[in-house]
Number of protein chains: 2
Amino acid sequence: MPRAGLNRDRVADEAAAMADEVGLNRLTLAALADRLGIRQPSLYKHIDSMAGLHRDIAVNAKRDLGEVLARASVGRAGADAISAMSHAYRDWALKHPARYEASNRMPAPGDVEDEAVSLAAIQVIADVLTAYSLEGDDAVDAIRTFRSALHGFVSYEIAGAFRWNADVDRSFDRLVRGVVVALDQWVGTPTPVLPPV
Amino acid sequence: MPRAGLNRDRVADEAAAMADEVGLNRLTLAALADRLGIRQPSLYKHIDSMAGLHRDIAVNAKRDLGEVLARASVGRAGADAISAMSHAYRDWALKHPARYEASNRMPAPGDVEDEAVSLAAIQVIADVLTAYSLEGDDAVDAIRTFRSALHGFVSYEIAGAFRWNADVDRSFDRLVRGVVVALDQWVGTPTPVLPPV
DNA sequence: TGATCTGGCTATTGACAATAGCTTTTTGGG
DNA sequence: CCCAAAAAGCTATTGTCAATAGCCAGATCA
């Protein structure tokens, strides 16, 4: 029995690559073990469970995405930073669809490492919005809106939900421009009075 | 063996209700059969497969959501219609999280019924944007942006991704407001919004 | 009434995650 | 250098699923 030189990170990396190819929910331990050249039960020397493997994929993905976003926005500010970060976000997600899906899973309560990388990634997004000098709840609302727009677009695109022939790249540019326009008027916009629904 | 009076729709309805309680991916045929008072293999008299059941849940959900959106926006226009539809969308999704998840699955190619209800639901959204007199690719971009913002926010909210203490209702109001602001400036020159009726 | 269709049933299979328990390789302290 | 123990592989097995095969009773209708 020659050893395969595996460890937890190597297994999680290969699992993430495989998931990106076949889909996160179609990742099976039998196929992963096969790809790693070992038998399925041997995987449990490196993982706790399927859920634990998904968690490892998620943590690595959040860390990677956070770093990509940070690199994309360094040295930029305002609309420029938002645009650069948005495109880096979309590019990364399209390149790693299963990792992206995993990255949106919430950390289990008490999983400090997962909570840390999750917060770090969101913090990168939050920092880019500081140019708009939003504070308190206004800032939280803006971050939630920005994240929602990006996530909605990208997850629709990955799911293949944009079927009309219009150029998806162009639509994304327009979405980003829309976010910038909305942020420009964020503070001055009064909390809306809603019509009865 | 008394008969249980089941049919395909009844099974799909009960499955949808169960999925909303336990989560779409944790819906099992054994538990569903138990709830319906029959044995697990008997379910196959009413469904084709698990995938087929998910498809039925999705089709019913798309039809229901489309009708809810249509009712919410009837008699309104412009920002008023967008706001009413957005809140109806969010309320429905929060009330039926698994149905909402199912409703976002793409129709299988050639599934004309699924394609029809999918298109109908999107058409309701598209109609609400006609007040902005967008045409061609501009309209497609706007629809994609609107849908993305709604879907991103709602799916984050269902996933429990909004952990900071700021009021989520307020954040959603601000997002909707942001969409309206962005649409006002969509084509470069602000388009007047029809006043509420 | 009796043939046929429908909707239930038991028994079984195959894919999968997961566990038990054994063996071989690697490693590290004396 | 040596050997004890940890680490990493293995086979065998279990339990939970979805799914199929094949049987039987109740309903339907000529």
Side-chain angles (χ1 to χ4, degrees), chain A residues 1-61 98-99 101-102 105-106 108 111 114, chain B residues 1-61 98-99 101-102 105-106 108 111 114:
Chain A
M1 291 181 242
R3 300 219 171 167
L6 299 178
N7 56 41
R8 184 166 159 179
D9 256 348
R10 174 82 206 299
V11 169
D13 276 355
E14 208 67 40
M18 199 163 188
D20 280 333
E21 292 166 14
V22 304
L24 190 59
N25 40 6
R26 292 212 211 166
L27 174 69
T28 69
L29 296 184
L32 175 59
D34 206 47
R35 174 150 162 170
L36 292 168
I38 61 175
R39 301 285 184 161
Q40 179 254 359
S42 306
L43 272 178
Y44 285 86
K45 298 295 178 178
H46 307 290
I47 68 173
D48 292 335
S49 64
M50 192 66 177
L53 180 60
H54 282 151
R55 178 267 181 201
D56 287 348
I57 295 173
V59 168
N60 291 345
R99 281 178 244 240
E101 183 181 345
R105 293 243 237 265
M106 288 300 101
D111 186 338
D114 198 347
Chain B
M1 291 181 239
R3 301 219 170 167
L6 299 178
N7 55 40
R8 184 167 160 179
D9 257 348
R10 174 81 208 296
V11 169
D13 277 354
E14 208 66 40
M18 199 163 188
D20 280 333
E21 292 166 15
V22 305
L24 190 60
N25 41 6
R26 289 167 63 156
L27 174 69
T28 69
L29 296 184
L32 176 58
D34 206 47
R35 175 151 162 169
L36 292 169
I38 61 175
R39 301 285 183 160
Q40 179 254 359
S42 307
L43 272 177
Y44 285 85
K45 298 295 179 177
H46 307 288
I47 68 175
D48 292 335
S49 63
M50 192 65 177
L53 179 60
H54 282 151
R55 178 267 180 202
D56 287 347
I57 295 174
V59 169
N60 291 344
R99 280 178 244 240
E101 184 182 345
R105 300 223 184 163
M106 287 301 99
D111 186 339
D114 197 347

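Just so it is clear: chains get the letters A, B, ... in the order the sequence lines come, proteins before strands, and each one is counted from 1. Source: prediction; values computed, not measured.
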Tell me: CD1 of A:I38 to P of C:dT25, nearest whole Å?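 Interatomic distance, CD1 of A:I38 to P of C:dT25: 16 Å.
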
Can you check the A:K45 NZ to C:dA20 P distance for me, whole Å?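 That distance rounds to 12 Å.
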
Distance (rounded to the nearest 0.5 Å) between B:R26 CZ and B:E21 CD: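 B:R26 CZ to B:E21 CD: 12.5 Å, rounded to 0.5 Å.
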
Could you measure the distance from the CE atom of A:M18 to the CG atom of A:L36? Nearest 0.5 Å is fine.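 A:M18 atom CE to A:L36 atom CG measures 8.5 Å (nearest 0.5 Å).
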
For the atom pair CG (A:L6) and NZ (A:K45), what is the distance rounded to the nearest 0.5 Å?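 Separation between the atoms: 13.0 Å.
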
Nearest 0.5 Å please: distance from the CG atom of B:L29 over to the CD1 atom of B:I47. 5.0 Å

In whole angstrom, what separates B:L6's CG from D:dG26's P?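 In whole Å, D:dG26 P and B:L6 CG are 17 Å from each other.
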
Below 4.0 angstrom from OP1 or OP2 of C:dG7, is there any side-chain N or O of B:S42?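 It does not, given that no N or O in the side chain of B:S42 lies less than 4.0 Å from OP1 or OP2 of C:dG7.
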
In whole angstroms, the gap separating P of D:dT16 from CZ of B:R26 amounts to 15 Å

Calculate, to the nearest 0.5 Å, the distance between atoms CG and CZ belonging to B:L24 and B:R105 respectively. 5.0 Å

Which atoms of nucleotides 17-20 of chain D (N or O only) lie under 3.5 Å from a protein N or O atom, and what are those distances?
from, atom 1, to, atom 2, distance (Å)
D:dA18, OP1, B:L29, N, 3.1
D:dA18, OP2, B:L29, N, 3.0
D:dA18, N7, B:Q40, NE2, 3.4
D:dA19, OP2, B:Y44, OH, 3.0
D:dA19, OP2, B:M50, N, 2.6
D:dA19, O5', B:Y44, OH, 3.3
D:dA19, N7, B:Q40, NE2, 3.0
D:dA19, N6, B:Q40, OE1, 3.3

Send over the distance from A:H54 NE2 to C:dA17 C1', rounded to a whole Å.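 From A:H54 NE2 to C:dA17 C1': 12 Å.
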
Roughly how far apart are B:N7 CG and B:H46 NE2, rounded to 0.5 Å? 7.5 Å

Considering just the side-chain nitrogens and oxygens of B:H46, establish if one lies under 4.0 Å of OP1 or OP2 belonging to C:dT6.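 For B:H46, the contact criterion (side-chain N or O under 4.0 Å from OP1 or OP2 of C:dT6) is not met.
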
Could you check which of C:dC9, D:dA8, D:dC10 has an atom nearest any side-chain atom of B:R39? C:dC9

Rounded to whole angstrom units, what separation is found between the CG atom of A:N7 and the P atom of D:dG9? 10 Å

